[in-house]
Amino acid sequence: QLQLVESGGGLVQPGGSLRLSCVASGVTLEDYAIGWFRLAPGKEFEGVSCVSSVGGGTIYADSVKGRFTISRDNAENTVYLQMNTLKPEDTGVYSCGALWNPGIPICTILPHYLNWGQGTQVTVSS
């Protein structure tokens with residue numbers, strides 16, 4: 001059974017960086033597209049980025065383009081979200097989702113994922 005665990009969140013000043021990790025267990029992650037999403041108080045659940053199972057296909061929300069980078073290490077069953085130049089509006093609980101999608105070089109930042117982690121809190125504040 002697929003389980004996802006996020007980590008790497010914390011408190012950071014504006015302009016700082018964090019790297020989030022999404023570690024999968026129970027399955028081989030290489031068959032899954034992975035998406036990162038966030039939920040902030042008073043805001044809608046938002047797709048931040050995703051990476052396809054193969055081909056390196058990625059998508060970024062306009063709000064994070066040029067600042068966030070998603071990557072995957074299938075050998076470690078882990079997907080990372082490198083977040084640079086963080087802004088207060090990036091504050092929220094970040095969760096990763098997995099969608100079984102073997103051999104498909106595309107992904108989506110719509111919340112059409114069937115497996116979710118518990119989330120990690122990111123707070124950007126001075």
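FYI, side chains are in, hydrogens and waters are out, and symmetry mates aren't considered; it's all heavy atoms of this structure.
Classified by interplanar angle (parallel below 30°, tilted 30° to 60°, perpendicular above 60°), the ring pair Phe37/Tyr113 is perpendicular.
Nearest heavy atom pair, residue Leu29 against residue Thr78, reads CD2-N, 3.6 Å. In terms of heavy atoms, Tyr60 sits closest to Ile109 at C-CD1, 4.4 Å. Ser95 and Gly119 make their closest contact through OG-CA, 3.6 Å (heavy atoms, listed as atom of the first residue, atom of the second, distance). Across all their heavy atoms, Leu4 and Gln118 have their closest contact at O-OE1, 3.8 Å. The two residues Gln121 and Thr91 come nearest to each other via the heavy atoms NE2-CG2, 4.0 Å.
Here the side chain of Ser21 pairs no donor or acceptor atom with the backbone of Val23 at under 3.5 angstrom. A donor-acceptor distance shorter than 3.5 angstrom exists from the side chain of Ser53 to the backbone of Asn101, with no hydrogens or angles considered. A distance-only check finds no donor-acceptor pair linking the side chain of Arg72 to the backbone of Ala33 [under 3.5 Å]. Between the side chain of Tyr80 and the backbone N or O of Thr69, no donor-acceptor pair lies under 3.5 Å. Under a 3.5 Å cut-off, the side chain of Thr120 and the backbone N or O of Tyr94 do not form any donor-acceptor pair. Under a 3.5 Å cut-off, the side chain of Asp31 and the backbone N or O of Trp100 do not form any donor-acceptor pair. Although no hydrogens or angles enter the test, the distance criterion places a donor-acceptor pair under 3.5 Å between the side chain of Glu6 and the main chain of Cys96.
Here Lys87 does not pair with Asp90 in a salt bridge; the nearest charged N to carboxylate O distance is not below 4.0 Å.
A continuous path of ILVMFWY side-chain contacts below 4.5 Å connects Trp116 to Leu99, so both sit in one hydrophobic cluster. Linking Ile, Leu, Val, Met, Phe, Trp and Tyr residues whenever their side-chain heavy atoms come within less than 4.5 Å places Leu114 and Phe45 in a single cluster.
The side-chain heavy atoms of Phe68 and Leu86, taken from C-beta on, include a pair separated by under 4.5 Å. Ser52 has its side chain out of reach of Ile104: every pair of non-hydrogen atoms, C-beta onward, lies at least 4.5 Å apart. In this structure, Val64 and Glu46 have side chains that are not in contact, with every pair of non-hydrogen atoms separated by 4.5 Å or more.
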Begin from the C-alpha positions of Leu11 and Ser125 and carry the test side-chain contact (heavy atoms from CB on, under 4.5 Å) through to its verdict.
-> CA-CA 7 Å; Leu11 173 63; Ser125 175; 4.3 Å; yes
Lys43/Glu89 under side-chain contact (heavy atoms from CB on, under 4.5 Å): CA gap, chis, key distance, verdict = CA-CA 10 Å; Lys43 296 185 179 180; Glu89 51 264 43; 3.9 Å; yes
Might you work through the side-chain contact (heavy atoms from CB on, under 4.5 Å) test for Met83 and Val48, ending with a clear yes or no?
-> CA-CA 11 Å; Met83 307 187 297; Val48 174; over 6 Å; no
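For the side-chain contact (heavy atoms from CB on, under 4.5 Å) test with Val79, the passing option among Leu20, Ile70, Asp73, Asn74 is Ile70; the others fail.
With values rounded to the nearest 0.5 angstrom, Ile59 atom CD1 is found 4.5 Å from Cys107 atom SG. Between the CD1 atom of Ile34 and the CG atom of Asn115 there is a distance of 8.5 Å, given to the nearest 0.5 Å.
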